[in-house]
Novice: 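A single structure is presented below for examination.
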Amino acid sequence: QVQLVESGGGSVQSGGSLRLSCAVSEYTSSSHCMAWFRQGPGKEREGVAAIDSDGTTNYADSVKGRFTVSQDNAETTLYLQMNNLKPEDTAMYYCAAGPPYCALEITTRLSTGYGMDYWGKGTPVTISS
C-alpha cells in the first residue's frame, strides 16, 4: 500500500512561488507514474502535472511554463515547483500515484483523477491578488 503525504502549501500573493512536496512511502518508480492534481473552489478536480519513471513529464496547458514536476534521486519525494502563481491557481493540491507511464494521460483520459491508484490528503494553496 503506497502512502502519500503532501506538504508545502500556503498563502502567497499573485506572482509568488511555492514548492509542494509529496513524501512517498515506498519505491514506486517501476510500478506507478506520479502526478499532481488540484481542485479549486466550485471546480472539478484536474490533472496539473505528472512524471513517469523514464522522466517523461506532462503539464496542463494552464500551468505550462510556470510549474515544474520532479522527483528526488531516491524517488521517495515528488515535488511541484510553482512560479508566477495566479489567483486561479488557488486550490487543494493532491499527490497521486497512477498506472505505469500515465503522465501523458493526466491531461486526457485521467484528467479528473479517476483511474489513479493512490492519493494523498492534499495541501491547500491560496493565491491572493
Novice: Can a donor-acceptor pair be found, under 3.5 Å and without considering hydrogens, that links the side chain of Asn83 to the backbone of Ser17?
Specialist: no

Novice: Hey, what do you get for OH (Tyr101) to CG (Asp54), rounding to the nearest 0.5 Å?
Specialist: 5.5 Å

Novice: For Asp89, is there an ion pair with Lys86 - N to carboxylate O distance below 4.0 angstrom?
Specialist: no

Novice: Got a second to check how far Leu78's CG is from Ser70's OG, nearest 0.5 Å?
Specialist: 7.0 Å

Novice: Counting distance only, does the side-chain N/O of Arg45 pair as donor-acceptor with the main-chain N or O of Gln39 below 3.5 Å?
Specialist: no

Novice: Please check: side-chain N/O of Glu6 versus main-chain N/O of Lys121, any donor-acceptor pairing under 3.5 Å?
Specialist: yes

Novice: When rounded to the nearest 0.5 angstrom, what distance separates CG in Leu110 from CD in Glu105?
Specialist: 5.0 Å

Novice: Just how far is it from atom CG of Asp52 to atom SG of Cys102, taken to the nearest 0.5 Å?
Specialist: 6.0 Å

Novice: So does Ile127 get a backbone contact from the side chain of Thr90, meaning a donor-acceptor N/O pair under 3.5 Å?
Specialist: yes

Novice: Would a single hydrophobic cluster contain both Leu80 and Ile51, if residues Ile, Leu, Val, Met, Phe, Trp and Tyr are joined by side-chain heavy-atom contacts under 4.5 Å?
Specialist: yes

Novice: Does Tyr118 have any ring pair (Phe, Tyr, Trp, His ring centres under 6.0 Å) partners at least two apart in sequence or in another chain, and if so, which?
Specialist: His32

Novice: Are Ile106 and Met82 grouped together when hydrophobic residues (ILVMFWY) are joined by side-chain heavy atoms under 4.5 angstrom apart?
Specialist: no

Novice: Can you confirm whether Gln3 is buried at CD, in the sense that more than 12 heavy atoms of other residues, nucleotides or ligands lie under 6.0 Å from that atom?
Specialist: no

Novice: Establish, yes or no, whether a centroid distance under 6.0 Å links the rings of Phe37 and Trp119.
Specialist: yes

Novice: Measure the spacing between OG1 of Thr123 and CG of Leu20 and express it to the nearest 0.5 Å.
Specialist: 6.0 Å

Novice: Using a strict cut-off of less than 4.0 Å between a Lys/Arg side-chain nitrogen and an Asp/Glu carboxylate oxygen, indicate whether Arg38 and Glu46 qualify as a salt bridge.
Specialist: yes

Novice: At what distance, to the nearest 0.5 angstrom, does OG1 of Thr126 lie from CG of Leu85?
Specialist: 11.0 Å

